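Comments concern the structure below.
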Amino acid sequence: MDEPIPVTRALDSGTAKLMPDVDRERAWLLTVNGAPQSYVDLDAPTHLEFEYTRRLAHVVDSFADEGEPLDLLHLGGGAMTLPRYAAATRPGSRQDVVEADRGLLRLVAEHLPLPADSGIEVHGADARAWVEAAPADSADVLIADVFGGSRVPAHLTSLEYAQAAERVLRPVGIYAANLADSAPFAFLRSQLATFAAVFEELALIAEPAVLRGRRFGNALLLASHAPIDIATLARLTSADAFPARVEHGPALRRLIGAATPVRDTDAQASPEPPDGAFSIG
């Protein structure tokens, strides 16, 4: 059988590369502009290589009983690692994936096709516009993993956006966003303040080294009107190869401090990662 070869493709947002994993027969790493974006094993959709993806999966896993179908809205598609995971672990789920870069969608459809009858619908659209047009109370879980280059776009950081996301979620639904920042956490603090203005319950999942300000890294922001299952999330994330902490309650209020919600008029993209923060090779 022919060995898989890397694929390079020009996208709306830069250059994408699909690189085969020499250790796993039908597994691929997707990078965009040199930054790792997704990892997919077509034969093992529950294999999650990236830690932040595993943490997002923990959010989905802890939301409802094992195997129960859910309605999920994914903002940001990549190679659709998490939608594939949810389709495998929660058969019958209805999932919408919204990805603005149509070139990326074509690349993934060509080389990493979704399984038949996956229940995953893919849409080439802007995430904010899709959320604002989506039906109210239509999603159990809304996952935002959108990066323009290596930064979360400004229009997905504002109070108006948070209110639009809240409208789409069911009353006990949960919002989960993949963010990135470093000390003194001006962006992360503003995001927590923004979502605290809309939702009663918040949590933050990140590695201790990131929370202590030792390095730039990912942090998952969770928001809901219903209590978040902190105990289950703490157990799952602490057992990972790179353990994470789940912050909530007074610790989050101390982190927010004097930060205030961000409006559309003054919203800014997340900070540019330092050189090498997310690169490979």
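The figures here come from the full heavy-atom set of this structure, side chains too, leaving out hydrogens, waters and symmetry mates. All values derive from a computational prediction rather than experimental measurement.
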Step through the shown structure and confirm whether more than 12 heavy atoms of other residues, nucleotides or ligands are within 6.0 Å of CD on Glu49. yes
Between His111 and Trp28, does the ring centroid distance fall short of 6.0 Å? no
Same cluster or not: Val168 versus Leu75, using hydrophobic residues (I, L, V, M, F, W, Y) connected whenever any side-chain heavy atoms lie under 4.5 Å apart? yes
For residues Asp21 and Tyr39, is any side-chain donor paired with an opposing acceptor at under 3.5 Å? yes
Working to the nearest 0.5 Å, report the span between OG of Ser224 and CG of Leu202. 9.5 Å
Within the 3.5 Å criterion, strictly below it, is a donor on Asp145 or His74 matched to an acceptor on the partner's side chain? no
Can you tell if the side chain of Phe199 reaches within under 4.5 Å of the side chain of Leu169, non-hydrogen atoms only? yes
Any non-hydrogen side-chain atom of Thr46 less than 4.5 Å from a side-chain atom of Leu48? no
Tell me yes or no: between the side chains of Asp229 and Ser62, is some donor less than 3.5 Å from an acceptor? no
Cluster check Ile174, Ile205: I/L/V/M/F/W/Y, side chain < 4.5 angstrom: yes
Report yes if some heavy atom in the side chain of Asp140 is under 4.5 Å from a heavy atom in the side chain of Leu72; otherwise report no. no
Answer yes or no: are there more than 12 heavy-atom neighbours, outside Glu200 itself, under 6.0 Å from its atom CD? yes
Candidate pair Leu221 and Leu192, rule side-chain contact (heavy atoms from CB on, under 4.5 Å), full reasoning: CA-CA 7 Å; Leu221 182 156; Leu192 288 165; 3.9 Å; yes
When rounded to the nearest 0.5 Å, the distance separating CG of Leu222 from NE2 of His58 is 12.0 Å
Please confirm whether the backbone N or O of Phe216 pairs with a side-chain atom of Ser182, one donor and one acceptor, at under 3.5 Å? no
Within a strict 4.5 Å, meaning less than it, do heavy atoms of the Phe50 and Pro36 side chains meet? yes
Treating Asp181 as the side-chain partner and Phe187 as the backbone partner, does any N or O pair qualify as donor plus acceptor under 3.5 Å? yes
Distance-only side-chain donor-acceptor flag, Glu121 / His123, under 3.5 Å: no
Test log, rule side-chain contact (heavy atoms from CB on, under 4.5 Å), inputs Val122 and Leu114: CA-CA 10 Å; Val122 181; Leu114 292 166; 3.8 Å; yes
Any heavy-atom pair between the side chains of Leu211 and Leu204 that's under 4.5 Å? yes
Check whether Leu42 and Ile120 end up in the same hydrophobic cluster, where Ile, Leu, Val, Met, Phe, Trp and Tyr are linked by side-chain heavy atoms less than 4.5 Å apart. yes
Check the pair Leu18 / Leu29 against side-chain contact (heavy atoms from CB on, under 4.5 Å), numbers first and verdict last. CA-CA 6 Å; Leu18 277 174; Leu29 172 69; over 6 Å; no
Within 6.0 angstrom of Arg94 CZ, more than 12 heavy atoms from elsewhere: no
Keeping Arg84 on the side-chain end and Pro45 on the backbone end, is there a donor-acceptor pair under 3.5 Å? no
Rounded to the nearest 0.5 angstrom, the CG-CZ distance for Asp101 and Arg106 is 8.0 Å
Okay, side chain of Arg263, backbone of Leu159: is any donor-acceptor separation there less than 3.5 Å? no
Is there a donor-acceptor pair closer than 3.5 Å between any side-chain N or O of Arg90 and the backbone N or O of Ala64? yes
Within this structure, what is the OG1-CD distance for the pair Thr237 and Glu51, rounded to the nearest 0.5 Å? 10.5 Å
Quick one: closest heavy-atom pair of Ser270 and Ala180, and the distance? CB-O, 4.1 Å
When you check the gap from the basic side-chain N to the acidic O, do Glu110 and Arg9 get nearer than 4.0 Å? yes
Go through the steps to decide whether Leu255 and Arg189 satisfy the test side-chain contact (heavy atoms from CB on, under 4.5 Å), and finish with yes or no. CA-CA 6 Å; Leu255 180 58; Arg189 292 170 63 237; 4.0 Å; yes
Strictly distance-based, threshold 3.5 Å: is any side-chain N or O of Arg128 a donor or acceptor partner for the main-chain N or O of Leu156? no
Let me check something: do Leu82 and Leu220 share a hydrophobic cluster, defined by ILVMFWY side-chain heavy atoms less than 4.5 Å apart, either directly or through other members? yes
Does the side chain of Glu166 pick up a donor-acceptor pair with the side chain of His225 at under 3.5 Å? yes
Kindly indicate whether the side chain of Glu207, heavy atoms from C-beta on, has any atom under 4.5 Å from the side chain of Arg55. yes
So does Asp266 have more than 12 non-hydrogen atoms from other groups sitting under 6.0 Å from CG? yes
Indicate the atoms forming the closest heavy-atom contact of Met19 with Pro6, along with that distance. CG-CB, 4.4 Å
Test item: Thr81 side-chain N/O and Ser38 main-chain N/O as donor-acceptor pair under 3.5 Å: no
Residues Arg170 and Asp71 bridged, charged N to O under 4.0 Å: yes
Short N-O contact, Asp41 and Arg24, less than 4.0 angstrom: yes
State whether the side chain of Ser93 and the backbone N or O of Leu70 hold a donor-acceptor pair below 3.5 Å, judged by distance alone. yes
Of all the heavy-atom pairs spanning Pro91 and Pro69, show the shortest one and how long it is. O-CG, 3.4 Å
Report yes or no: does Thr194 contribute a side-chain atom to a donor-acceptor pair with the main-chain N or O of Pro261 at less than 3.5 Å? no
Do Asn218 and Leu179 make a side-chain contact, defined as non-hydrogen atoms from C-beta onward lying under 4.5 Å apart? no
Taking Tyr52 as the starting point, is it possible to reach Val40 by hopping between hydrophobic residues whose side chains are less than 4.5 Å apart? no
When you measure from the side chain of Gln191 to the backbone of Thr157, do you find a donor-acceptor pair of N or O atoms at a distance under 3.5 Å? yes
Within this structure, what is the OG-CZ distance for the pair Ser238 and Arg245, rounded to the nearest 0.5 Å? 12.0 Å
Taking the side chain as every heavy atom from C-beta outward, state whether Leu104 and Leu30 have any pair of such atoms under 4.5 Å apart. yes
Non-hydrogen atoms of Ala154 and Ala269 that approach each other most closely: CB-N, 3.5 Å
Using the six-membered ring wherever Trp is involved, compare the ring planes of Phe195 and Tyr161 and label them parallel, tilted or perpendicular (cut-offs 30° and 60°). perpendicular
